[in-house]
Amino acid sequence: MRNIIVTGGTRGIGEAISREFIKNGDRVFAVYEKDDKTAQKFAKETGAIVIKADVSDKNAVEKVFYEVKKYGKADVLINNAGISQIKVFSDISEEDWDRMFAVNVKSAFLMTKSALPDMLHNKKGKIINISSIWGQTGGSCEVHYSASKAAIIGFTKALAKELGLSNIQVNCIAPGVIKTDMNAHLSAEEMGELTEQIPLNRIGTPQDVARTAYFLASRDADYITGQVFGVNGGMLI
Ligand code: NAD
């Protein structure tokens, strides 16, 4: 049974990723930040091991891996936890900027650092980072979010080069518009306008992203590393 760590794994895209791996017989450690009630319900329903931790905090991340070690070694790490914020550039404060980079980028650095010793020992491992289409194209009124997601693409490519000889594949998924709480602020009209820009003519589902993550973590993806997978219905071609 593989050990899969999914940050932000009890809600939205992360929840769908956790469910996909559990469905296929893996053990999932779903890391969440705040909502104990949702996390406990999710654990009871699915059998996931839920761990409360702010993944931008080094001590909290160390505690996550202390829990994982009770069950064995980390096989797959999915850096999914993230925050977004809509603000015109001139309104973005230094605190906004720092929090965005702490949650969206530093978390991947900390989680990967902690997961790597097991993967190096096993001489195999898969790391999947969740970026965004806005990290590829830039999103208006989301400069800090877009910059953080572009950083994740650079992180993925550089790490893939460094870890290739260790048989550790590092890839990135850049979702387009996916129906989750992160987009709950968008009106039906705005969703309609976005749908018109998508060749496949629908908003994505968390399962669309989850199935790609599952593939990238499988043996079928052993010869794929350093890539950015646009799960976006063709919104960016
Ligand atoms: P969401 O808000 O539903 O879920 C975000 C998850 O991250 C939550 O489970 C939350 O608990 C967790 N999280 C946030 N801060 C955390 C912290 N400090 N420590 C631990 N966990 C933390 O959003 P989502 O749509 O499911 O987004 C998941 C990922 O996909 C994010 O990285 C997001 O940027 C990315 N993404 C989403 C979309 C979209 O359209 N929904 C598009 C592109 C990329």
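Just so you know, ligand 1 is whichever comes first in the structure, and atom 1 is the first atom listed for that ligand.
- Between D208 and R202 a salt bridge is recorded (basic side-chain N to carboxylate O distance below 4.0 Å).
- The atoms of ligand 1 that sit less than 4.0 Å from any heavy atom of R99 are 18 (N).
- In terms of modelled atom types and a separation under 3.5 Å, the side chain of T7 and the main chain of A81 share a donor-acceptor contact.
- Under a 4.0 Å criterion applied to the non-hydrogen atoms of G8, ligand 1 contributes the atoms 6 (C), 7 (O), 9 (O), 12 (C).
- Nearest protein heavy-atom contact of atom 27 (O) of ligand 1 is M182 CE, 3.8 Å.
- Between T205 and I178 the shortest heavy-atom distance is C-CG2, 3.5 Å.
- Ligand 1 places these atoms under 4.0 Å from at least one heavy atom of G12: 3 (O), 26 (O).
- Some N or O of V55 is nearer than 3.5 Å to an N or O of ligand 1, by distance alone.
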Only distances under 3.5 Å count here; give the side-chain donor-acceptor pairs of residues 130-141 to other protein atoms, sequence neighbours excluded, each with its distance to 0.1 Å.
unit_1	atom_1	unit_2	atom_2	d
S131	OG	K149	O	2.8
S132	OG	W134	N	3.0
T137	OG1	I133	O	3.3

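- G82 O, 3.7 Å is the protein heavy atom nearest to atom 5 (C) of ligand 1.
- If you number the atoms of ligand 1 from 1 as listed, the ones under 4.0 Å from a heavy atom of D54 come out as 17 (C), 18 (N), 19 (N).
- For atom 16 (C) of ligand 1, the nearest non-hydrogen atom of the protein is E33 OE1, 3.6 Å.
- Under 4.0 Å is where a charged nitrogen must lie from a carboxylate oxygen, and between D54 and R99 at least one such pair does.
- A salt bridge links K126 and D222; the closest N-O separation between the charged side-chain nitrogens and carboxylate oxygens is under 4.0 Å.
- Salt bridge annotation for K124-D75: absent, with no cationic side-chain nitrogen under 4.0 angstrom from a carboxylate oxygen.
- For R11, a nitrogen or oxygen atom sits less than 3.5 Å from a nitrogen or oxygen atom of ligand 1, counting backbone and side chain alike.
- Of the possible polar contacts, one joining the T46 side chain to the A48 backbone as a donor-acceptor pair under 3.5 Å is found.
- At a heavy-atom cutoff of 4.0 Å, ligand 1 is contacted by the side chain of T180 but not by its backbone.
- Scanning G135, S132, G176 for the heavy atom closest to atom 38 (C) of ligand 1 points to G176.
- Contacts with ligand 1 closer than 4.0 Å are made by side-chain heavy atoms of Y145 only, the backbone lying farther away.
- Under the 6.0 Å cut-off for aromatic ring centres, Y32 and F42 do not qualify, their centroids lying 6.0 Å or more apart.
- Nearest to atom 37 (C) of ligand 1 by heavy atom, out of I178, I13, N129, is I13.
- Taking every non-hydrogen atom of A53 and a distance limit under 4.0 Å, the qualifying atoms of ligand 1 come out as 19 (N), 20 (C).
- Ion pairing of D36 with K52 is present here, as a side-chain N (NZ or NE/NH1/NH2) and a carboxylate O approach within less than 4.0 Å.
- In M111, neither the side chain nor the backbone holds a heavy atom less than 4.0 Å from any atom of ligand 1.
- One finds no salt bridge joining D35 and R11 here, because no Lys/Arg side-chain nitrogen approaches an Asp/Glu carboxylate oxygen to under 4.0 Å.
- Here K179 has no heavy atoms under 4.0 Å from ligand 1, in either its backbone or its side chain.
- The backbone of S131, and not its side chain, has at least one atom closer than 4.0 Å to an atom of ligand 1 (non-hydrogen atoms only; backbone = N, CA, C, O).
- In N183, the part holding a heavy atom less than 4.0 Å from any atom of ligand 1 is the side chain.
- Aromatic ring pairs are classed by plane angle as parallel below 30°, tilted from 30° to 60° and perpendicular above 60°; the pair F29 and Y71 is perpendicular.
- Residue N80 places a heavy atom less than 4.0 Å from ligand 1.
- Under the side-chain contact (heavy atoms from CB on, under 4.5 Å) rule, E20 has a single partner from I17, I22, N24, which is N24.
- Protein heavy atom at the shortest distance from atom 13 (N) of ligand 1 is A81 CB, 3.8 Å.
- Those atoms of ligand 1 with a heavy atom of K149 less than 4.0 angstrom away are 31 (C), 32 (O), 33 (C), 34 (O).
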